[in-house]
Amino acid sequence: MAREIAKAYEPQQIEPRWADFWVKEELFKADANAPGPVFSIVIPPPNVTGSLHIGHMLEHTEIDILTRWHRMRGYNTLYLPGTDHAGISTQRVVVKHLMDQGIDYHKLGREEFEKLVWKWKAEAGSEITQQMRSIGESCDWSRERFTLSPEMSHVVREVFVRLYEEGLIYREKRLVNWCPVCLTVLSDLEVAHEERQGYLWHIKYPVVGSGQFLVVATTRPETMLGDTAVAVHPEDERYKHLVGKKVLLPLMNREIPIIADDMVDREFGTGAVKITPAHDPNDFEMGRRHKLLEIDVMTDDGHMNANAGAYAGLDRFEARKRVVEDLKAQGLIEKISEHTHPIGICERSKTIVEPRISKQWFCRMKPMAEPAIAAVERGEIQIVPENRREEYFNWMRNIRDWTLSRQLWWGHRIPAWYCKENKHVTVAREAPTKCATCGSTNIEQDSDVLDTWFSSGLWPFSTLGWPENTADFKTYYPTTLLITGYDILFFWVARMVMMGIHFTGKVPFRAVYLHSLVRTGSGEKMSKSKGTGLDPVALNQQYGTDAMRFCLASMAAPGTDIVLSEDKLASARNFANKIWNAARFLFVNLDKFEASGTKLEELAAPEVRAKAPYTYRGEMALVDGWLFNRLAVTARGVKSALESYRFHEAGHDIYQFFWGDFCDWYIEWIKPELQNPDRERAVVAWRNLFSAFATALRLLHPFMPFLTEELWHQLPQNAGAKSIALDTYPQPGEERLHLEYLMQFQLIQEVVVALRTIRSDMKLDPKKRVAAELFVWDGLARDAIRRSQDGIVRLGILSQLTITEKPMAQVGGMMRSTAQFDVRIAYSDNVDMAVEKTRLKKEIEGMQRAIESKERQLGDETFRSRAPEKIIKGLEATLAEQRIELRKLQDRLSQLEKDS
RNA sequence: AGGCCCGUAGCUCAGUUGGUUAGAGCGCUACCUUGACACGGUAGAGGUCUGGGGUUCGAGUCCCCACGGGCCUACCA
């Protein structure tokens, strides 16, 4: 039967089929009761609002590679998918959606709004998980989780109440980061710092009863409306005499005290600082120390409030202008200087964050941070790359309390109820009917929700059934590994570690691999909102998901950010095409061979894999010995690379093997064998080819799941089998490598390349067959080569090859020599001896340099006494070879010079 | 302000504990439409590893300084 196989690899034709197959067959459903070592990984839940971006593509590629790899190696494997309700993002998306329809969400009311978000989630919230299916991620979809599902909410509430009962959660009025656009408080981590060009306004505050002025410097003049003091350093001679006096706050005509506090920097500005406790973190602390008034002069949405007097109602930036103008008019601006300073930006709305006094829920972090630090110190959690450990420690050691509440409607509502009669607080798992303290039924639940990261922090155990001791929890917790971006080390990783240890007594994962970020050519982080991102979905469509995966993996060196380009994708696509065509070669030739009357079963015996490499009457072909050893070397390399998250190295090894060894040499070499009239020989060749190809496919499968699944199914030995994903992964053999195969075939490769190089230098017609002579120094190798003569003749495009028993004189024809062999093409047309001489001279120079440096080193007593034996031996061996080569080159050159 | 990372071939980047003539992909040059593959084949050119100093028998690799680029943390008004 003739097989239909397209001439070029067309991923669009095969990917959707396997993506569906994997999902429908529930191929990756985990079984908590299955035997074997466990590999479990939970997904960093993407936002429900999201769609797959290039960062996910990288992350999910890495996760899926390791997941498939472990599964194939026989681990009880769970890759648990899910999404995050993403409070602020989702609420913003839906609010905007409503606005587009002319609906103000405030008017809908909370309940109605929440219903709409759920509806929206049901309709649009599975885009990313659908995309994950279509790119073939080997998740267990039966265990998909959502951070705001009833089950997860139950866990969140349990955790909140326990923390409250333990005194780790408290409610307090203090200075927080407020976003006037999102209308919510933010945690420190959600505030980005940016250097901005601004001004330093020097404002003259009249000292009461003296006619003098005290000049303060500020970057935010509008906040002066809320000033309740001016502070100077207690030892500042310039101002000592003023401490205890008062200034008259301009524009507000309020008398405020001059205080002394050593937090003041005498060097900065004028050395006198206005104090606005309600709008600046420093001032707030100082205010509390000195029991100053805290006057909030702004509204939620960044306008001035009634406390701002004449400025009430103005936008904060407008107010700044007006304040400055008015001060100028009164002659109270002493000077204005340019000043670059960092300001806080809301990560979502990009507006300037306003520090503000507000009553919020906080989580005490220090007690939880300590065990989290210890766990990493003791190595219970491995952080990769290691240099991130220090960042982790640094942040953990300086940790500050976490602002938990958010003024949103979408999220886990805080399980706290306030007694309206006497302000008692009831925190409970189940909604209470009355105040726990006074019994009043006049209670109301806190209207805020929890920071989204609070529920994400529980993800590794909430998804596995905690607080019940479920089978999943028992088997899969702690998870084996977490793969996520280093940009959320604090947001998420650190918090999971703290929560995990606190609640389960165990670390949530044994290792964290922090992957790179994908950047644009100009070094920016790729971002959809900035329009600088490449769209992985479109690119997958164009180049193939496998190509994308392979490309990303090949670039994913730990600790290095990735700059992706279409060039690189094309190169990965070409690799996929190469494999496709290797398969095509197999099948086209198989058809021919079958046509000559061979039964497929003979070639595709089920044990084909197990017994490979096959021999012909006990005799191993050198090329087979070589190829299977190369395969073993590759499997070894891939294993050690993946064990240490060096995806790029694994990818490179496989690429090298598949293209360089398998396609360029093996296939070329065995071509005649496959149609060998000696049927027995041909069958051996076919079995080895099938076996090697299938092994290579299995090696590649975690990287390119679609292509390998497709081709694997077409191999006769896999007829009727379920999936390559459930097949075994090639393990590096226990037995030692047979180095002689590797070395002997490598020698052949060198000979063939030397022949081709000579031909190329001679500008020989590529089809012109010429006679050549070969001498090989090593007797064993010479015998091996004699048996491989036909191959050399074919690949070197020779008419005949004479293998001599003696070294060759460096005369006549065109030659190449190494320490191991001499090869000559006895053909002298077209030879430009001047070019040959130049080449020889250049090579001699290089060789002399190499030899001299080695001689110098080896002649150095200190080197000999201190360098390891291995290095010295190696150097000596190389030196000996190079001396031989040099002598040959010199002989050759002088011969040529004599001739001319 | 503190910390971290990077600067290697025209481009994008590898280079695990310092050790033998520094690698890959793309690009480039020449030749080749050969029965798997032009998304291809064959051969080749091209870096002395940003600069300077140091440690060492030996440095792309370790240390210091400078220059250039990036990131993170941070309450300098």
Side-chain angles (χ1 to χ4, degrees), chain A residues 5 7-9 175 188 193 200 216-220 223 231 263-265 267-270 272-276 280-285 339 341-342 355 387-388 390-391 394-395 398 486-487 489-490 517 519 521 523-525 543 547 554-555 557 559-565 567-568 570-589 592 640 644 646 648-649 652 655-656 663-664 667-668 671 753 756-757 759-761 763-767 846-847 849-851 853-854 857 860-868 870-872 874-879 882:
Chain A
I5 179 159
K7 192 168 173 180
Y9 167 57
L175 202 84
D188 296 336
H193 297 275
L200 200 54
V216 299
T218 181
T219 54
R220 297 192 302 153
T223 62
M263 196 189 229
V264 177
D265 179 358
E267 308 301 316
F268 188 87
T270 61
V273 56
K274 60 190 256 338
I275 302 299
T276 324
D280 181 278
N282 276 327
D283 296 4
F284 176 77
E285 278 181 41
H339 182 61
H341 60 115
N387 59 334
R388 301 278 168 196
E390 279 311 311
E391 265 176 50
N394 189 41
W395 187 78
N398 297 303
Y486 62 74
D487 51 335
L489 178 60
F490 308 136
L517 301 185
R519 297 188 182 279
E524 293 171 275
K525 183 172 161 183
Y543 293 94
S554 299
M555 301 181 65
T560 320
D561 285 343
I562 289 177
V563 179
L564 186 67
S565 67
D567 280 4
K568 288 167 187 158
S571 157
R573 190 250 345 250
N574 295 352
F575 179 50
N577 186 58
K578 188 73 182 177
I579 294 160
W580 181 264
N581 274 287
R584 191 159 175 269
F585 166 82
L586 245 76
F587 298 132
V588 168
N589 281 277
K592 283 191 215 163
S640 80
S644 47
R646 297 198 302 270
H648 66 302
E649 224 173 87
H652 181 261
Y655 184 96
Q656 172 56 40
C663 293
D664 290 348
I667 287 186
E668 291 306 326
K671 271 178 179 173
V753 169
R756 288 167 174 170
T757 306
R759 300 178 58 98
S760 174
D761 285 351
K763 304 202 191 322
L764 272 184
D765 179 334
K767 276 173 263 173
M847 197 59 74
R849 247 179 296 139
I851 288 173
S853 88
K854 279 189 198 64
Q857 240 184 325
D860 184 339
E861 274 316 305
T862 345
F863 169 74
R864 286 194 163 276
S865 61
R866 297 196 190 176
K870 205 177 92 186
I871 298 297
I872 296 174
L875 271 176
E876 281 171 342
T878 313
L879 178 60
Q882 288 180 335

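Every value quoted in this text rests on a predicted model; they were computed, and no experiment measured them. Side chains included, hydrogens not; waters and symmetry mates left out as well; all remaining heavy atoms used. So you know, we letter chains A, B, ... as the sequences are listed, proteins then strands, and number each from 1.
Between A:Phe575 and A:Tyr655, the ring planes are tilted. Angles from 30° to 60° get that label.
Residue-level contact check: A:Pro355 touches neither bases nor backbone, having no heavy atom under 4.0 Å from any strand. Base contact: A:Gln882 has a heavy atom under 4.0 Å from a base atom. Across all strands shown, A:Val216 has no heavy atoms under 4.0 Å from either base or sugar-phosphate atoms. Across all strands shown, A:Gly846 has no heavy atoms under 4.0 Å from either base or sugar-phosphate atoms. Here A:Gln857 lies in heavy-atom contact (under 4.0 Å) with a base.
Using a distance-only test at 3.5 Å, with no hydrogens or angles considered, a donor-acceptor pair links the side chain of A:Ser644 to the main chain of A:Ser640. Remark: side-chain polar atoms of A:Asn577 are not paired, donor with acceptor, to backbone N or O of A:Ala8 under 3.5 angstrom.
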Check the interface with nucleotides 73-77 of chain B: list each N/O to N/O pair with the protein under 3.5 Å, or write none.
| residue | atom | partner | partner atom | Å |
| --- | --- | --- | --- | --- |
| B:C75 | OP1 | A:Arg400 | NH1 | 3.0 |
| B:C75 | OP1 | A:Arg400 | NH2 | 3.1 |
| B:C75 | O2' | A:Asn282 | ND2 | 2.7 |
| B:C75 | O2 | A:Asn282 | OD1 | 2.1 |
| B:C75 | O2 | A:Asn282 | ND2 | 3.0 |
| B:C76 | O2 | A:Asp265 | OD2 | 2.9 |
| B:A77 | O2' | A:Ala217 | O | 3.3 |
| B:A77 | N6 | A:Asp265 | O | 2.5 |
| B:A77 | N6 | A:Phe268 | O | 3.2 |
| B:A77 | N1 | A:Asp265 | N | 3.1 |

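Rounding to the nearest 0.5 angstrom, the gap separating the CZ atom in A:Arg756 from the CG atom in A:Leu764 is 14.0 Å. Here NZ of A:Lys870 is found 12.0 Å from CG of A:Leu875. Values are rounded to the nearest 0.5 Å. Residue A:Lys578 holds its NZ atom at 10.0 Å from CG of A:Asn574, rounded to the nearest 0.5 Å.
Heavy atoms only, all atoms of each residue included: A:Asn581 and A:Lys7 are closest at OD1-O, 3.1 Å.
Mapping A:Arg573 and A:Arg849 onto RNA chain B by nearest heavy atom places A:Arg573 closer to the 5' end of the strand. The nearest heavy atom of RNA chain B to A:Glu390 and to A:Thr757 marks one nucleotide each, and the one closer to the 5' end goes with A:Glu390.
Ranking B:U21, B:G25, B:A36 by closeness to the A:Met847 side chain, first place goes to B:U21. Picking from B:U42, B:C26, B:U21 the nucleotide with the shortest atom distance to the side chain of A:Ala850 gives B:U21. Comparing atom distances between the A:Thr878 side chain and each of B:C37, B:U20, B:G19 picks out B:U20 as nearest. When the nucleotides B:U20, B:A24, B:A36 are ranked by their closest atom to the side chain of A:Leu875, B:U20 comes out on top. Of the candidate nucleotides B:C26, B:C31, B:U12, B:U12 has the atom lying nearest to any side-chain atom of A:Val563.
Across the protein-nucleic acid pair, A:Arg388 atom CZ and B:C4 atom P stand 12 Å apart, rounded to whole Å. Atom CD of A:Glu649 is separated from atom P of B:U16 by 9 Å (rounded to the nearest Å). A straight line from OH of A:Tyr486 to C1' of B:G70 spans 9 Å, rounded to a whole angstrom. In this structure, A:Asn581 places its CG atom 7 Å from P of B:A38, rounding to the nearest Å. The distance from atom CG of A:Leu764 to atom P of B:U34 is 19 Å, rounded to the nearest whole Å. Between the NZ atom of A:Lys870 and the C1' atom of B:G19 there is a distance of 9 Å, given to the nearest Å. Remark: P of B:A43 and CG of A:Asp765 are 17 Å apart, rounded to the nearest angstrom. B:A36 atom C1' lies 10 Å from atom CG of A:Asn577, rounded to whole Å.
Spacing of P atoms, B:U16 relative to B:U50, comes out at 15 Å, to the nearest Å. Separating the C1' atom of B:C31 from that of B:A38 is a span of 14 Å, rounded to the nearest Å. Separation of the P atoms belonging to B:C5 and B:C64 is 11 Å when rounded to the nearest angstrom. For the C1' atoms, the distance from B:C72 to B:G53 is 30 Å, rounded to whole Å. Between B:U73 and B:C11, the two C1' atoms lie 34 Å apart (nearest whole Å). B:U55 and B:C62 have their C1' atoms separated by 8 Å, with the value rounded to a whole Å. B:G23 and B:G47 are spaced 11 Å apart, taking the C1' atom of each and rounding to whole Å. Comparing B:C49 with B:G7, their P atoms are spaced 13 Å from each other, to the whole Å.
Remark: the A:Glu668 side chain and the B:A36 base include a donor-acceptor N/O pair separated by less than 3.5 Å. One cannot find a donor-acceptor pair under 3.5 Å joining the base of B:C37 and the side-chain atoms of A:Arg584. Judged by distance alone, with hydrogens and angles left aside, A:Lys578 brings a side-chain donor or acceptor within reach of the base of B:C37, the pair sitting under 3.5 Å.
When only modelled atom types and interatomic distance are considered, A:Lys274 and A:Thr223 share a side-chain donor-acceptor pair under 3.5 Å. Between the side chains of A:Thr862 and A:Asp860, at least one donor N or O lies within less than 3.5 Å of an accepting N or O. There is no side-chain donor-acceptor pair under 3.5 Å between A:Asn387 and A:Tyr486.
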Take A:Thr219 and A:Leu200 through the side chain to side chain contact (heavy atoms under 4.5 Å, CB included) test and state the conclusion after the steps. CA-CA 5 Å; A:Thr219 54; A:Leu200 200 54; 3.7 Å; yes
The dot-bracket string of RNA chain B, counting Watson-Crick and G-U wobble pairs with both distances under 3.5 Å, using [ ] for crossing pairs and | for pairs to another strand, is (((((((..((((.....[...)))).(((((.......))))).....(((((..]....))))))))))))....
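When the side-chain nitrogen and oxygen atoms of A:Lys671 are compared with OP1 and OP2 of B:A36, one or more of them lie within a distance under 4.0 Å. An OP1 or OP2 oxygen of B:C13 is reached within less than 4.0 angstrom by no side-chain nitrogen or oxygen of A:Lys568.
Side-chain contact between A:Glu391 and A:Asn394 is absent, with no heavy-atom pair separated by less than 4.5 Å.
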